[in-house]
Amino acid sequence: WRLNNESDNFLEIQSNLAQFKHQPTISIVVPVYNPDKELLIECIESVRKQSYTNWQLCLADDCSPHEHVREVLEYYQSLDSKISVVFREQNGHISQASNSALEVATGEWIALLDHDDELSQHALYEVIKVLNENPETSFIYSDEDKINEQGNRCDPHFKSSWNLDLLYSQNYVSHLGVYKTDIVNKIGGFRKGYEGSQDYDLLLRYSREIEAFARLYMVPLLQRRTAAWEPYFRRSYFWECVWSNEFSDPVSGHDNLAQL
């Protein structure tokens, strides 16, 4: 599958980036609490290496007791003007930490990322490509697979086209999800008390705000890296979204972008 679908044509990507008329800022919202130092660095570096450069990285530290967290965040905040860091004075868990990051977001679009996630180099490029080809887009999400601790990719999740009935049953969307900032602010961001399912709660409320005939696209970004599932404050898994040339819908069997 990788041989048939993953081939980075850097010249084509650079040419397309130069021609895109619409190049909005994507604010990447990251709540942070006690991640491993190496994973936090890899997460931040994966954003800084994006081929699409009009991004803002918004990190909110939820009073992490590990000293390396502040050291890493302060270093990158001083290194890159596109990185905004909030140091919360009180631990509020993932919903409130996400809202703290959301408060400093200035982009037209919001992308959700965890503190131990990774994006491949062209992840945001694929998002912007969709927005230029389909300017009426209201929401973008990706499929994913996992990378184990040995670095091997496994357990791919090829997601359905937009399916509201399925969404009411489970959060099949999750990451990478890209939302309109004004709608996220309109519905009040993340709600306290929904920790662990805060993204699902946000998406369900967001879906009600999208017009009945709005367009929603599934872009072929792929990869999530994971170890063990644990509570938010000790979570060790992370994802890595990459891009490919085509997406095969496992439900319908059609090779196309999800569209409503």
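As a basis for the values below, the full set of heavy atoms in this structure was taken, side chains included, without hydrogen atoms, waters or symmetry mates.
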Just by modelled atom types, is the [Y] backbone N or O under 3.5 Å from a matching donor or acceptor in the [X] side chain?
X	Y	answer
Q121	Q50	no
S46	L119	yes
Y200	L167	yes
N134	T137	no
T181	W109	yes
D36	E38	no
N9	E12	yes
N99	F190	yes
K159	V173	yes
D61	Y33	no

Any chance the side chains of [X] and [Y] put a donor and an acceptor closer than 3.5 Å?
X	Y	answer
S27	Q56	yes
H115	N34	no
Q96	S100	no
D62	H93	no

Interatomic distance, [X] atom [atom1] to [Y] atom [atom2] [nearest 0.5 angstrom]:
X	Y	atom1	atom2	answer
I26	I110	CD1	CD1	10.0 Å
I44	L59	CD1	CG	5.5 Å
I28	L112	CD1	CG	10.5 Å
N163	Q170	CG	CD	9.5 Å
L176	I140	CG	CD1	9.0 Å
E126	S142	CD	OG	10.5 Å

For residues 68-84, pull every pair meeting salt bridge (Lys or Arg N to Asp or Glu O under 4.0 Å), keeping only residues two or more places apart or in separate chains.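 Matches after skipping sequence neighbours: R48-D80, R70-E74.
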With sequence neighbours excluded, tell me which residues meet ring pair (Phe, Tyr, Trp, His ring centres under 6.0 Å) with [X].
X	result
Y172	Y141
Y168	none
Y52	none

If you group Ile, Leu, Val, Met, Phe, Trp and Tyr by side-chain heavy-atom gaps below 4.5 Å, do [X] and [Y] land in one group?
X	Y	result
Y179	L164	yes
V184	V86	no
L79	V104	no

Mind checking side-chain hydrogen bond (donor to acceptor under 3.5 Å, both in side chains) for E67 and listing every partner two or more places apart, or none if nothing turns up?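 Partners of E67 by the side-chain hydrogen bond (donor to acceptor under 3.5 Å, both in side chains) criterion come out as none, since no residue qualifies.
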Going by side-chain hydrogen bond (donor to acceptor under 3.5 Å, both in side chains), name the pairs with one or both residues in residues 184-194, residues two or more places apart or in two chains. K186-E209, R191-Y194, R191-D201
Decide yes or no on side-chain contact (heavy atoms from CB on, under 4.5 Å) for L203 and D199, but give the supporting numbers first. CA-CA 6 Å; L203 180 55; D199 292 356; over 6 Å; no
Run the numbers on S207 and W162 for side-chain contact (heavy atoms from CB on, under 4.5 Å), then give the verdict. CA-CA 11 Å; S207 67; W162 180 250; 4.2 Å; yes
Of all heavy-atom pairs between E195 and G92, which one has the smallest distance, and what is that distance? OE2-O, 4.2 Å
